[in-house]
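In what follows, a structure is listed as C-alpha cells, so that the remarks can point back to it.
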Protein chains: 2
Amino acid sequence: MATIDDVAQRAGVSKSSVSRVLNGNFEYMSEEMKNKILAAIAEMNYSPNSLAQSLKKKKTKVIGIILSDISNPFWAEILKGAQEEANRCGYGIMVSSSNEDPELERDNILMLKSRQVDGVIINTIGNTNELFEEFIAKKYPFVLLDRLAGDMKADTVVVNNVNGAKQAIQYLIDQGHRRIGILLYPTNNKSPRIERLEGYKQALSMNGLPIDESLIKICDQNNGSGIQATQELLSMSDRPTAIFTTNARLNLEVLSGAKKAGLRVPTDVSIFGYDDFPWIPLLDPPLSTVAQPAYEMGVKAVALLIHRLESKKKMKPQIIQLEPKIIIRASCSSPVKIE
Amino acid sequence: MATIDDVAQRAGVSKSSVSRVLNGNFEYMSEEMKNKILAAIAEMNYSPNSLAQSLKKKKTKVIGIILSDISNPFWAEILKGAQEEANRCGYGIMVSSSNEDPELERDNILMLKSRQVDGVIINTIGNTNELFEEFIAKKYPFVLLDRLAGDMKADTVVVNNVNGAKQAIQYLIDQGHRRIGILLYPTNNKSPRIERLEGYKQALSMNGLPIDESLIKICDQNNGSGIQATQELLSMSDRPTAIFTTNARLNLEVLSGAKKAGLRVPTDVSIFGYDDFPWIPLLDPPLSTVAQPAYEMGVKAVALLIHRLESKKKMKPQIIQLEPKIIIRASCSSPVKIE
DNA sequence: ATGAAAGCGCTAACAG
DNA sequence: CTGTTAGCGCTTTCAT
C-alpha cells in the first residue's frame, strides 16, 4: 500500500503538502503544486490510511451501534437507516448485538470504546445506567434508541408509544368494542412497554371505560406464551371482543392463539397489532398495526449523534420523539354480540 | 483516556513491559513485575487504544461486510451470524449496504479498505470482478457470500440452490402435480437465480416431465409484478396446479396473486416458497418453503475469513456449500382436476 | 528479565 | 506558499 511519503516523493514535494491537499487546505497553495499532487495521488491510486489519520486527529469517523437483536426486522430496519445516514456523512458503522444481556451490552460498549469509535448508539437494556452516567460525566457521546433510560438526561430517539397505543385502542372503541384485551411482555422498566400499556389505559379512561386487570396479560418473553394468553383471554366468560398486542412477536402469537381457540378474525374477535412489515398485509387476516418509523429512527439517531460530534458549542441533551401511525387492515371489525 | 505511558509510570516500569503483559508475553517476566502492572492496569481502568495497536501491528481485527440489503430478513440473519461469530473471535464488524448498486458496492469496498479492515465479506452484485481479481492478486482477503462470482476462484460460502429447488419440485411432483409454474427474477448472471431455475428443470426432467417455457415467469424486480405473473399463470387455459417461487418477496406476491385470481391455496393451487422466517407459518395459508441456513452462512463466512487471516500457510480458495432443507406446511396438497 | 529507541502513516504547528 | 519537525499510542527489535 502506498503511503503519503510515496506520494510526496513521486510528486517531488513534502508530505505536508500532500497532507494539505488530502485535507482540502489548498488556500495558499499554488495551482501547479496542487495539480502535481493530485496527479500523483491518482496515478498511484493512493488512499490515506485512516488508522493513522484517526490516531493523529483523535477521531475515527466511525460510530458504534449496539442492538438487542439485529435479525429482528424492526432493529434491522433501524440499522439500515443508521448505516445509510452514517455513510452519507462519511462515517462508518460498527455493529454488535447485546441479545438483551446486560453483561454483553457492557462488554460491547467497552469494546467499541477501545476501538475508539466517536460515539455510540444503543437501545439499552436499562441496567447499565452507571456506565452512561459515567459517559455523560466524561462527555463521551452516545444516543439512546427507542428506550428511555430512567430519568437520565441524555440524547434519545424514541417513538411516542403512548400515542401509538392510544390511537389503536381509540380505533377499536370507535368500532364499538368495549372489552379490549392487551398482550404485553413484562414491563421490566422498559419505557416502550410501560408507555404502550399507559396508552391503552388512557384511551379506555378517556372513553369512560373501566380498566379490567383481567384483560391485561403479561406474557413470558421466551416461549410462545402469547398463544396461551390469547386462549385464556378468549375463554373468559365475558371475553374481550378485541385484542391489542404490543410487539411484533405477539402479533403472530395472538393470531395462532385465536385460531387455536377456534375463533375467526375479525368475525369473532378483532386484533390490532404493533409494528408493520412488508409481510403483515399478507397475514391471515391482514393485520391492523401501529407502524413505527424505524428507518427514520436510525437516520435521526445518527444525525443527532453526528451533530453532537461536530458541533462546536455544547448542546443540551435532546430527546427526539417520532410519531407512529396506525394502519387499518382487515383484522378489525365491529364486535359481535357474545352471549 | 489513560495511555500505556500512564500505566508504565504508575507501575514504575517501562512501557515495553506494559506492552508485554498486554500481549501476553510473560514468559520471561518476574511475577512481581507482572502483578504490579496488572494492578496498575486495573486501577486505572486502562484499555489499550486499538488504533495505535492496529497501526503498529498492521491489522485491525475488524472485518467489513457488504450486504445488498440489511433490512432483508435473510441478510439480517446472516449479518447476525457473522457478527456473533466475529465477536466470539475478538473481531469487530463494519457493515455497509450496496443496495444492489455496483457503484456503491465499489465505493464501500474502497471505504472499508481505507479503514484498513483485515478482510471483507460480500454478497457481490457480480459486476465488480476486476476489483476482486485485483484483490486476489494483491492477496487482500475476502469471501463471497451466497453468490458465485463467475468462474473466479475465491473463498465462497453458498447454499446448494439446485438442490433446494429440486427438493421442492420433487415434493410437488410426488403430490401428483404435473404442471408447475415458477416465478423468478431476471437471472442477470446471479448464481442463486440460475441455480434455482436449474433445479426446477432438473427435477422435471428427472421425472420425465416436459419443460414448458410458458410456465416460467420472469418478474420485474422493482414492483409487485409477481402478483401479475401469478394471475397470468393462473388464467392460462391449461394453468399450473402448483407454483414455485424463488425468493422471499415473491412468496408474498404469489399469495396475493392467487387471492386476486380468486383461487384458494392449497385447494385450487399449491404454493411452494423460498426462504423461511418466523412469520411464514402464520401466513395464509402457512407456506411450505425451502429454508436456507442463513445464520450459519454468516458464521461460516467469518470463520472462513478469519481462518484465512490467521493461518500461516497459504490455503487454496475454498467453497463452502451448505444444504437447504424443505419445510412442508399447509400450502401444498394434491392437485385438483382442472376442467 | 527489563528498558531505550525506532517507527507504523499521518497531521499540525512552526519556520522560513 | 512550502518544508521540517514533533508527536498520536502502541509494538518490537536490540541492548544490557
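The sequence lines fix the lettering, A, B, ..., with proteins before strands; numbering per chain opens at 1. Only a predicted model underlies this, so the values are computations on that prediction, with no experimental measurement involved.
- First and last contacting nucleotides of DNA chain D toward chain B (any atom under 4.0 angstrom from a heavy atom, 5' to 3' order): D:dG9 to D:dT13.
- Every residue meeting the side-chain contact (heavy atoms from CB on, under 4.5 Å) condition with B:E130, not counting sequence neighbours, appears here in chain and number order: B:R106.
- A sub-4.0 Å separation between OP1 or OP2 of C:dA1 and a side-chain N or O of B:S17 is absent.
- By the side-chain contact (heavy atoms from CB on, under 4.5 Å) test, B:K56 pairs with no residue at all, sequence neighbours left out.
- Rounding to whole angstrom units, OH of residue B:Y28 and P of C:dG3 are separated by 18 Å.
- B:E84 and B:Y295 share a side-chain donor-acceptor pair at under 3.5 Å.
- Side-chain contact of A:N99 with B:K80: a donor-acceptor pair under 3.5 Å is absent, judged by distance alone.
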>> Please encode protein proximity along nucleotides 9-16 of chain C as a string of B, S and -, counting only heavy-atom distances under 4.0 Å.
In response: BBBBB---
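- For the residue pair B:T124 / B:E105, a side-chain donor-acceptor distance below 3.5 Å is found, with atom types taken as modelled.
- A donor-acceptor contact closer than 3.5 angstrom links the side chains of A:Q83 and B:S97.
- Here the rule is side-chain contact (heavy atoms from CB on, under 4.5 Å) with A:I66, and of A:L104, A:D107, A:N108, A:V95 only A:N108 fits it.
- The distance from the OG1 atom of B:T60 to the CG atom of B:L112 is 10.0 Å, given to the nearest 0.5 Å.
- The stretch residues 32-42 of chain A touches DNA chain D through A:M33, each having a heavy atom within less than 4.0 Å of the strand.
- When the side-chain contact (heavy atoms from CB on, under 4.5 Å) test is applied to B:R20, the partners found at least two apart in sequence or on another chain are B:S16, B:S17, B:N25, B:M29.
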